[in-house]
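Scroll down for the structure; my scribbles are underneath it.
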Number of protein chains: 2
Amino acid sequence: MAEPRTRPKRATIFDVAAEAGVSRGTVSRVLNGEPYVSQSAREAIEAAIEKVGYVRNTAARNLATQSSGAVALIVHEPHSVFVEDPNIGAILLGTNAALSEADYQLVSLIIDTDRDTERVVSYLGGGFVDGAIVVSAREDDPIADALQRLRIPTVLVGRPDTAPELPSVSIDNRTSARQITERLVATGRRRIGMIAAALDRDSGRDRLAGFRDALGDRFDATLVVDVPLYSFHAGQEGMRALLDRAPDINGVFAASDAIAAGAVDVLRADGRRIPDDVGVVGFDDSAWALRCQPALSTVRQPADRLGARAAELVLDEIRTGERRSGVVLLPTEVVWRDSA
Amino acid sequence: MAEPRTRPKRATIFDVAAEAGVSRGTVSRVLNGEPYVSQSAREAIEAAIEKVGYVRNTAARNLATQSSGAVALIVHEPHSVFVEDPNIGAILLGTNAALSEADYQLVSLIIDTDRDTERVVSYLGGGFVDGAIVVSAREDDPIADALQRLRIPTVLVGRPDTAPELPSVSIDNRTSARQITERLVATGRRRIGMIAAALDRDSGRDRLAGFRDALGDRFDATLVVDVPLYSFHAGQEGMRALLDRAPDINGVFAASDAIAAGAVDVLRADGRRIPDDVGVVGFDDSAWALRCQPALSTVRQPADRLGARAAELVLDEIRTGERRSGVVLLPTEVVWRDSA
DNA sequence: TTCTATTCTGTGAGCGCTCACAGATCCTTC
DNA sequence: GAAGGATCTGTGAGCGCTCACAGAATAGAA
């Protein structure tokens with residue numbers, strides 16, 4: 001932290017009061033939109049604020065109200081994913097918008113290593129934030145646990161089974177996956193495989209479950225490969241494995257667009273035409289989807305709205321003190337393009 | 001902002017003083033690492049801090065020191081770029097790391113619309129941050145101007161010509177562009193074109209200048225096309241235009257990897273082999289580079305170090321009160337792969 | 001021993017704000 | 001025309017910390 005610095009003195013609530021010819025209390029009242037202020041006083045104060053160029057000092061306010069005016073967005077992903085994953089950026093943007101609307105400050109905390117976990121937990125214990133949003137929590141996430149212990153209003157993005165007490169906002173991965181797979185079925189594909197990923201998260205598991213739902217009796221576990229990451233490379237590897245097991249495969253559901261792009265790459269290298277020989281569908285509607293040749297059919301998830309909704313829920317709990325547990329599911333949209 | 005909330009009472013500096021049998025002043029001294037504290041007092045206080053679980057209240061400290069303990073990272077890009085551009089995420093991460101090391105809080109502000117500009121300027125005027133880092137400032141950027149007026153310590157990432165008084169950290173775009181183009185020349189290409197972008201920023205202009213440097217007399221202005229964005233689509237369009245103008249082209253320098261990927265796409269669709277018929281090089285060493293077929297030769301820029309260095313400079317100015325203007329150039333690295 | 005430097009410690013004031021309370025003013029209503 | 005309620009306003013205390021100052025303790029030199 002810094003040595004104190006001298007900056008041009010800012011006007012305080014005192015200056016405003018003097019200028020308007022009223023007391024601090026009255027100024028504070030109009031600042032906070034409280035009732036019981038006369039019209040004339042209100043106008044005088046507003047004019048005075050304008051005149052002296054007053055802006056509120058957050059530190060003082062936070063000290064007096066015993067709150068921080070900040071909400072943490074905790075992203076539990078390695079740096080590489082943080083940089084690459086389009087959804088995370090969109091969630092961040094959505095959260096930021098909703099929070100600043102309500103005059104709250106977003107503080108983003110990125111957890112990469114175990115050391116970060118510790119640091120973040122102690123930061124959270126410091127009362128620096130009034131609430132928290134956790135993105136991509138794992139099962140038994142120590143952060144979620146800590147947040148619960150500290151009784152900090154928290155909302156999860158995604159829906160980990162481990163912390164059902166915590167409210168969360170998510171998309172219906174299962175139904176979405178079922179819908180897009182069904183369309184694959186409807187176009188006459190009979191040998192349909194899936195490249196699944198992140199089975200340690202609910203999102204990954206639910207996409208697999210939806211795939212299974214759509215196939216019903218025809219589901220064949222040997223046509224499911226599990227890759228470690230939502231990445232292009234993982235998609236390539238997954239597709240090669242699938243091709244090994246079932247050379248006659250004619251439909252593929254990839255757990256993300258990046259994976260689908262990898263799969264498309266391998267399929268074309270293998271001389272197969274898309275969608276004629278093999279239909280491929282993805283998930284996310286990220287930039288990958290349009291970048292593929294042909295453009296990918298996929299599921300669009302409203303990542304920014306996910307972030308915004310989470311922020312609203314946290315704000316609500318901060319204000320009312322009441323936790324509304326439960327899962328908020330935001331609608332997705334299946335986008336049909338040319339890959340299937 | 002919130003109604004006050006009751007949270008379990010936290011220990012204050014008072015509790016620590018009582019526990020250790022000393023006064024507040026002495027506790028404050030050890031907290032701030034000041035001299036003139038006896039060994040015994042220091043030990044007693046440290047034990048007391050541990051025992052009562054004390055953590056410092058930032059709001060109170062900020063109020064007393066008249067500083068905020070926060071540094072803003074201002075990103076002047078449309079949301080889409082923010083989400084897509086790998087460099088921005090890396091800069092953010094680097095800044096965050098350097099700042100939290102020094103116990104400062106990163107506050108990221110994203111400017112998308114003109115309304116955002118206004119809001120951010122007033123936010124900045126509110127004394128919420130002790131310093132600022134501006135990413136992708138434009139020429140005549142109103143934010144940079146405001147920051148100067150408010151006399152807030154500021155460092156630019158990138159090197160806009162308009163605010164030479166402000167210190168900045170950047171890469172040497174011109175030399176890097178020259179180096180990678182020279183290699184294109186060295187492999188025997190004679191008809192070399194460039195897909196340039198963002199010529200309203202120094203980065204874009206410098207890359208073009210470096211290209212020109214490398215070609216010397218052989219530079220042919222008709223082989224330079226200018227595209228509006230650092231994107232895949234822009235790359236496709238740019239390449240088509242280049243092909244129209246010079247069907248015999250055999251070397252292409254793209255101003256970014258995304259553009260290069262678009263160019264590669266068009267070239268292959270046109271039946272040209274890479275690197276045999278046409279050599280292609282990019283810039284950034286982003287995820288695009290490895291994703292291309294064949295993998296792209298490109299310039300790696302240390303985006304995270306850019307962010308970290310900017311943070312260090314801001315911190316330094318905050319602490320000393322002295323502005324070190326001038327440009328810090330971080331080294332880049334040309335990465336040779338298979339596309340040229 | 002006495003005097004001066006040096007090291008250490010406690011105290012009061014104040015940062016800018018909010019909150020609770022007490023008091024003032026105004027309007028109803030009987 | 002007085003009582004009672006609603007509406008409005010000012011004041012004091014306090015949030016947790018830092019800073020400047022004054023005073024205490026210790027050490028070293030004369």
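Labels below follow one simple rule: chain letters A, B, ... track the order of the sequence lines, proteins then strands, and each chain is numbered from 1.
For A/Glu43 and D/dC8, the CD to P distance is 13 Å, given to the nearest whole Å. At whole-Å resolution of the value, CG in A/Asn32 and P in C/dG16 are 17 Å apart. In this structure, CG of A/Leu63 is placed 7 Å from P of D/dG16, rounded to the nearest angstrom. Counting to the nearest Å, the P atom of C/dC17 and the CD1 atom of A/Ile49 are 10 Å from each other. Put simply, CZ on B/Phe14 is 10 Å from P on D/dC17, counting in whole angstrom units. Regarding A/Arg42, its CZ atom lies at a distance of 11 Å from the C1' atom of D/dC8, rounded to whole Å. Computed from coordinates, the B/Leu31 CG to D/dC19 P distance equals 12 Å when rounded to whole Å. In this entry the distance linking CD of A/Gln39 with P of D/dC8 reads 10 Å, nearest Å.
Remark: A/Arg323 CZ is packed, more than 12 non-hydrogen atoms of other residues, nucleotides or ligands lying under 6.0 Å away.
The residue among A/Val22 and B/Ser28 whose nearest nucleotide of DNA chain D is located toward the 5' end is A/Val22. Nearer to the 5' terminus of DNA chain C, by closest-nucleotide assignment, is the contact made by B/Ala41 (compared with the other of B/Ala64 and B/Ala41).
Residues B/Leu99 and B/Leu315 form a side-chain contact, since some pair of their non-hydrogen atoms from C-beta on lies under 4.5 Å apart. By the 4.5 Å heavy-atom criterion applied to side chains, B/Ile74 and B/Ile133 are not counted as neighbours.
At the heavy-atom level, A/Ala59 lies nowhere under 4.0 Å from the strands shown.
One can find a donor-acceptor pair under 3.5 Å joining the base of D/dG12 and the side-chain atoms of A/Arg24.
An OP1 or OP2 oxygen of C/dC17 is reached within less than 4.0 angstrom by no side-chain nitrogen or oxygen of A/Thr65. Taking only side-chain nitrogens and oxygens, B/Thr26 never comes nearer than 4.0 Å to OP1 or OP2 of C/dC8. OP1 and OP2 of C/dG16 both lie 4.0 Å or more from every side-chain N or O belonging to A/Thr12. Checking the phosphate oxygens (OP1, OP2) of C/dC17, no side-chain nitrogen or oxygen of A/Gln66 falls inside 4.0 Å.
At least one donor-acceptor pair closer than 3.5 Å links the side chain of A/Ser68 to the backbone N or O of A/Asp130. At least one donor-acceptor pair under 3.5 Å links the side chain of B/Thr154 to the backbone N or O of B/Ile152.
The side chain of B/Tyr36 approaches C/dT7 more closely than any other nucleotide in the set D/dG10, C/dT7, D/dC17. Ranking D/dC17, C/dT18, D/dC21 by closeness to the B/Arg29 side chain, first place goes to D/dC21. Side-chain proximity of B/Arg61 to the nucleotides D/dG10, D/dT18, C/dT18 is greatest for D/dT18.
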